[in-house]
Amino acid sequence: MLALVYHMVSTTFAAASPEDFHALGNLSTGACIPMTNQNGVYTASLGIGTPPQMVRAVPDTGSYNLVVTSTMCDTHACRTHMRYNIKSSTSFEAQGNATYTLSYGQGDVVVKDALETVTFFPTLTGEGAIASHHHVDVQLIQEQQLMHFAGAAFDSILGLGKRNDNGMHHSAFLSDMGVNEFTVCLGGLNVFGDGMGGRLEVMRELDVGSPYLQLTTFGHYAWGTPVTYIGVSGAVVPIVPVPLSDSYTYLESAETAKATVLAAEAASAQGGRHKAMQGGRRKAMMHAGRGGTLHPVKLREDEVRLDDKKAAVLSEVVQCSDEAPCAAIVDSGTTLLTFPTDVYNRLLAEVEAGCTTQTNCLQHLEESDTCDGPYYEALPDLTITVGGQSLTVRKEIYMGAVDVDVPVPSPAPDDPDEIHSMHRHVQGVACLPLFDTMDDQTQYGPLLILGMPFLRAYATRFDRTTGGMAVAQVPAGTDLCNQCASTRRVHSVAMQAQRQQSHQGHSQRLGPLKVSEVRGPNLVGLQKKGEKTVFL
């Protein structure tokens, strides 16, 4: 599936005169900023400069700057985006000639600092401005090395981080805007339309009908909180190899997660057809990272040999418990939920074990291009204890139809004795858990990222004054987080038509998530050179 591509240098709307924008209030007085859902990538509509040049900005709680694609970047990837042009703005002010490198999980960007007018709109039409602020510190992209950036569904990164400075001797974006509190709530994956998909409530709390639960928090740079449990309540997973037919062993539990890796290495050493089949399946996982479903390695008993040193590794499996908590970042700029590899393997095994009315649920769903049917309905809820609160994450939240590279058999070899082991790959869609792995360590424990799926399950309030966070569960079926009240009238006719179409049995198929388009949090400045610990 191809991402939506905008082939344009810049888009300027002269919907109002400069005097009109000076008359607008700024975000410090409170506002609801609509977010548009484009296959799981949520963006706000911003106008940069005077008159405003429209860009799509990812609200990112993992960074601090407003980073904008500009015409100074003339690579093919940049040209596929809405780009800001300094020559088309009367309010542009240069901030010297220095350039800075910002590092994101998806790659680096080289930026130049500038002051500009920033205006928020409900949609990309550039009409009905919500708020405007002048002399805002903006970082203009001059060079970029972001993976999968060409044609990605965003042009700008809207930093909503915790810090008051941006690491470049200037105020952070939210400090410039006078914003000390905001709430992020993302709507359903099947909600589409300009200005529809999510909402960013600034300087006020969004009432979703559930109470807000205060989380225990930590971290100077990031929105951090401890995680002391994540799994499927009541799921029973074997903790020792379980004999199967043909003298094979199934390694699938958290306690044997390390053994699974070692077993996979043993299989690789053996070579042959099994190695290629396993490699092909692994290739079928999300090309954005290491996410996907768990396919435990099947080996004969005599192929698994753990010496004392390797066996000792099993005692170091990451659990995220009261005794050894993990450290989570709540990040609106990441499309997935990321876990340490040990937790990832255990979680997938528990999801499979919790699928009590069917067998091999995840494997069957991986072979489906939609998330529905008996195997999907049998999936259990997840429980996560985060910041001292026990929270539930439904299957509708943690599963999704995702773009993947699907392995297909290559033509049979001419030599009949040659093992038919090679695969080619085609682009396709699979129903997969929205999980990925990240094995980073913080001063508070192993790192997790609670990305966009978490924000679809829980409206999250961020307080930059106290560093606090609170969450409120979004009731299933509600449309409160789909759009701001101010845009409901604009889209009411379209939504009514969509509902009628659904009632007639012609519901639209959800497009696959573009999980590769949005990266993990901005950890620049958090990890000191030569050290392996990420400082939150």
Side-chain angles (χ1 to χ4, degrees), residues 27-28 30-33 59-62 64 159-164 172 174-175 178-187 198-231 233 320-334 337-339 381-394 397-398 442-476 478 480-481 521 535-536:
L27 290 183
S28 63
C32 179
I33 308 300
D60 180 19
T61 55
Y64 324 106
L160 304 177
K162 198 173 190 179
R163 290 172 51 171
N164 288 317
L174 288 185
S175 296
V179 173
N180 294 319
E181 180 182 326
F182 61 92
T183 301
V184 178
C185 186
L186 303 181
R199 58 195 296 171
L200 171 62
E201 291 283 347
V202 180
M203 297 300 289
R204 58 195 186 193
E205 184 180 275
L206 173 64
D207 182 6
V208 296
S210 302
Y212 277 81
L213 307 175
Q214 197 69 36
L215 303 182
T216 300
T217 59
F218 49 61
H220 175 68
Y221 301 100
W223 297 103
T225 183
V227 172
T228 54
Y229 174 78
I230 182 165
S233 298
C320 297
S321 62
D322 289 326
E323 295 76 20
C326 293
I329 296 174
V330 181
D331 181 46
S332 64
T334 300
L337 304 171
T338 73
F339 310 106
D381 292 339
L382 303 182
T383 300
I384 177 171
T385 303
V386 54
Q389 304 289 349
S390 180
L391 309 178
T392 299
V393 179
R394 306 182 306 274
I397 299 297
Y398 71 81
T442 77
Q443 73 270 42
Y444 302 105
L447 179 64
L448 281 73
I449 299 179
L450 302 178
M452 295 179 188
F454 182 81
L455 294 167
R456 287 192 286 270
Y458 289 88
T460 304
R461 184 184 69 229
F462 300 84
D463 189 330
R464 299 179 70 242
T465 302
T466 65
M469 288 188 289
V471 296
Q473 186 170 28
V474 179
T478 183
L480 284 171
C481 294
F535 291 92
L536 300 185

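Numbers here simply count residues along the sequence, with the first being 1. Hydrogens, waters and symmetry mates are skipped; everything else that's a heavy atom, side chains included, is used.
The heavy-atom pair separating L448 from F339 by the smallest distance is CD2-CD2, 3.5 Å. A327 approaches F218 most closely through the heavy-atom pair CB-CZ, 3.8 Å. Minimum interatomic distance between H220 and R163 (heavy atoms only, all atoms of both residues): O-CG, 3.9 Å. Nearest heavy-atom pair across V208 and A472 is CG2-CB, 3.7 Å. Here the shortest heavy-atom pairing between G178 and M203 reads O-SD, 4.3 Å.
Atom CE of residue M452 and atom OG1 of residue T334 lie 7.0 Å apart, to the nearest 0.5 angstrom. Between R456 atom CZ and C481 atom SG the span is 11.5 Å, to the nearest 0.5 Å. Interatomic distance, I384 CD1 to C320 SG, rounded to the nearest 0.5 Å: 8.0 Å. Going from atom CZ of R464 over to atom CG of L160 covers 9.0 Å, rounded to the nearest 0.5 Å. One distance of note links OG1 of T183 with CE of M469; it measures 12.5 Å at 0.5 Å rounding. Taking NZ of K162 as the reference point, atom CG of L174 lies at 13.5 Å (rounded to 0.5 Å).
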Under the side-chain contact (heavy atoms from CB on, under 4.5 Å) criterion, do V474 and L480 qualify, and how do the steps go? CA-CA 8 Å; V474 179; L480 284 171; 6.0 Å; no
Check the pair I329, T442 against side-chain contact (heavy atoms from CB on, under 4.5 Å), reporting the backbone distance first and the verdict last. CA-CA 11 Å; I329 296 174; T442 77; over 6 Å; no
One pair to check against side-chain contact (heavy atoms from CB on, under 4.5 Å): T383 and D381. What are the steps and the verdict? CA-CA 7 Å; T383 300; D381 292 339; 5.8 Å; no
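A 4.5 Å side-chain heavy-atom check between L215 and Q389 finds at least one atom pair inside the cut-off. Contact of the V471 side chain with the F454 side chain is registered, since non-hydrogen atoms from C-beta on lie closer than 4.5 Å. A 4.5 Å side-chain heavy-atom check between L391 and L213 finds at least one atom pair inside the cut-off.
The backbone N or O of P325 sits nowhere less than 3.5 Å from a side-chain atom of Y444 that would complete a donor-acceptor pair. In this structure, the side chain of Y64 engages the main chain of Y221 through a donor-acceptor pair within 3.5 Å. Panel note: side chain T61, backbone V330; a donor-acceptor pair is recorded below 3.5 Å. Between the side chain of S332 and the backbone N or O of P59, at least one donor-acceptor pair lies under 3.5 Å. Here the side chain of T225 pairs a donor or acceptor atom with the backbone of T216 at under 3.5 angstrom. The backbone N or O of E181 lies less than 3.5 Å from no partner atom in the side chain of R204, so there is not a single donor-acceptor pair. No donor-acceptor pair under 3.5 Å is formed between the side chain of T228 and the backbone N or O of P226. Using a distance-only test at 3.5 Å, with no hydrogens or angles considered, a donor-acceptor pair links the side chain of Y458 to the main chain of T392. In this structure a side-chain-to-backbone donor-acceptor pair under 3.5 Å is present from D331 to G62.
Under the 30°/60° scheme for interplanar angles, the aromatic rings of W223 and F462 are found to stand perpendicular.
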